[in-house]
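Contents: one structure, followed by commentary.
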Amino acid sequence: MSLAPKIAIACQGGGSHAAFAAGVLSALLAPQFRDRYQLVALSGTSGGAICAALVWSGLIRGGAEEARRRLIDFWRDLEVNDILDAVANFWAVSSARLPVSAEVSPYLYSPIAEPRLRDLLTRHLDLASLPSDPHRRASPKLLIGATDIIHGLGVAFEGESLTYDELIASAAVPPLFRAVQAHGTLFWDGLFSRNPPVREFTDLPERPDEIWVVQINPQQRKREPRAMPEIIDRRNELSANLALSQELFFITKINELLAQHPSLRERYKPINIRVVELEDDLDYPSKLDRSSPMIDRLLRMGQERAPWFFEGGSLWPR
């Protein structure tokens, strides 16, 4: 009987659309799937980073069911939960869909996104109660993508020393957030540079056999975008996928070099890539939508599509 393959899972960011990643992860951690692979690492950016971190913390504490509970509880808590929140959610999504909009610097007012996210993470991630032993916090390995806007670099924060500031930095998309200060510099959302971190998986002590990518932004569209909202949507999707394409190209190149130069196998090994993509006609403003119907829809789609990782159609390149 062959051993279950070692897997690293990378979760792309995309605002509320990252609930799709939560659905995928929840399904993969369910009893019918979790014995079919060995999870050695997780990575993520923005909403995908939060999903990866919640699973990581649950696995360290108590296992798969703890990870699933923390993951789903976070997204349920993020949903619109009262009339004032519903009005704010409607205003945010509707304003983003206006043909003309004005963006205001977050330094001219006090953004509410950062303190609210910090409160949610304190409740559901609860870093203070995690074991301090770095060896325990490294199994599975966790990598969080963010962008150093002062030095123009993409970074990957590690779970062994993860802080709330680092995780919030990964989700700090302007102008909803101000830049987050950490490590003597300033950070924005990782979507600008590491969406999500992948190439570090090749240097793990326990190298994966496969990398599974949960892709939020669609790779392809069926028709030419012509209306201005369609053009803006596609521009944002292509920009968000640029970093992921570069990461996957790196893995593919390593695989090609291994085939040509067997001596490289002393350091690297071939790694299969599988990608499951959110395939739905959702516009960019819907990434701000925290309504229950939207979150329910995305969680359900993720749960339904998780089995694709075990099928040949998920292999990348297509």
Side-chain angles (χ1 to χ4, degrees), residues 8-18 21-22 25 41-57 74 78 105-107 111 113-122 124-125 127 130 134 137-138 140-204 211 213-217 236-237 239-248 250 287-288:
I9 301 178
C11 301
Q12 196 178 48
S16 296
H17 292 184
L25 292 171
L42 290 151
S43 74
T45 291
S46 195
I50 293 169
C51 291
L54 289 165
V55 168
W56 164 80
S57 68
F74 172 89
L78 183 68
S105 168
Y107 296 91
E114 191 275 339
R116 177 166 187 181
L117 180 56
R118 188 178 295 272
D119 179 61
L120 286 168
L121 292 173
T122 301
H124 297 286
L125 184 61
L127 290 174
L130 275 174
R137 292 174 66 131
K141 181 72 176 181
L142 177 67
L143 298 168
I144 301 298
T147 303
D148 180 341
I149 61 171
I150 300 300
H151 301 97
L153 298 172
V155 302
F157 299 122
E158 298 182 319
E160 292 92 320
S161 56
L162 185 67
T163 66
Y164 291 122
D165 285 341
E166 291 172 341
L167 194 51
I168 292 170
S170 180
V173 60
L176 296 177
F177 289 78
R178 295 176 180 175
V180 176
Q181 187 167 13
H183 306 289
T185 187
L186 295 167
F187 293 93
W188 278 350
D189 195 307
L191 70 88
F192 301 108
S193 60
R194 305 298 307 278
N195 194 20
V198 172
R199 60 179 180 264
E200 285 85 357
F201 291 152
T202 62
D203 288 322
L204 294 177
I211 294 171
V213 179
V214 183
Q215 185 171 353
I216 301 300
N217 297 288
N236 288 327
E237 291 165 356
S239 299
N241 282 338
L242 177 61
L244 174 60
S245 297
Q246 292 172 337
E247 299 274 320
L248 297 186
F250 177 87
K287 291 182 177 182
L288 302 173

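- Residue L117 holds its CG atom at 7.0 Å from CG of L167, rounded to the nearest 0.5 Å.
- Residue A10 comes nearest to V198 through the heavy atom pair CB-CG2, 3.9 Å, listed as atom of the first residue, atom of the second, then distance.
- A donor-acceptor pair shorter than 3.5 Å can be found between the side chains of E166 and H183.
- For the side chain to side chain contact (heavy atoms under 4.5 Å, CB included) test, residues two or more places apart in sequence or in another chain that qualify with N236 are I232, Y284.
- Of all heavy-atom pairs between Q12 and I216, the closest is OE1-N, 2.8 Å.
- Judged as a salt bridge (charged side-chain N to carboxylate O under 4.0 Å, His left out), and not counting sequence neighbours, the contacts of R116 are D85.
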Residues 41-55 side chain polar contacts: donor-acceptor under 3.5 Å, at least two apart:
from: S43; atom 1: OG; to: P197; atom 2: O; distance (Å): 2.6
from: T45; atom 1: OG1; to: R194; atom 2: O; distance (Å): 2.3
from: S46; atom 1: OG; to: D189; atom 2: OD2; distance (Å): 2.9

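- To the nearest 0.5 angstrom, L142 atom CG is 9.0 Å from S57 atom OG.
- When atom types are taken as modelled, the side chain of D165 and the backbone of V180 share no donor-acceptor pair closer than 3.5 angstrom.
- Taking all atoms of both residues into account, the shortest heavy-atom contact from S170 to I144 is CB-CG2, 3.5 Å.
- For the atom pair CG of L162 and CZ of R137, the computed distance is 6.5 Å after rounding to the nearest 0.5 Å.
- A donor-acceptor pair under 3.5 Å is absent between the side-chain atoms of E114 and the main chain of R178, judged by distance alone.
- Judged as a side chain to side chain contact (heavy atoms under 4.5 Å, CB included), and not counting sequence neighbours, the contacts of L288 are V93, A96, L176.
- Across F187 and A182, no two heavy atoms sit closer than the pair CE1-O, 3.2 Å.
- Surrounding CD of E160 are more than 12 heavy atoms belonging to other residues, nucleotides or ligands, all under 6.0 Å away.
- A heavy-atom distance below 4.5 Å is found between the side chains of N195 and N217.
- L130 CG to L125 CG: the interatomic distance, rounded to the nearest 0.5 Å, is 6.5 Å.
- Separating the CZ atom in F192 from the CD1 atom in I149 is a distance of 9.5 Å, to the nearest 0.5 Å.
- Listed here is the closest heavy atom pair of I9 and F201: O-CZ, 4.1 Å.
- For R199, the salt bridge (charged side-chain N to carboxylate O under 4.0 Å, His left out) partners are E247, not counting sequence neighbours.
- Across T202 and F250, no two heavy atoms sit closer than the pair OG1-CE2, 3.9 Å.
- Every pair passing salt bridge (Lys or Arg N to Asp or Glu O under 4.0 Å) that includes a residue from residues 147-159 is listed here, sequence neighbours excluded: K141-E158.
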Run the side-chain contact (heavy atoms from CB on, under 4.5 Å) check on I168 and F177 step by step: do they pass? CA-CA 9 Å; I168 292 170; F177 289 78; 4.2 Å; yes
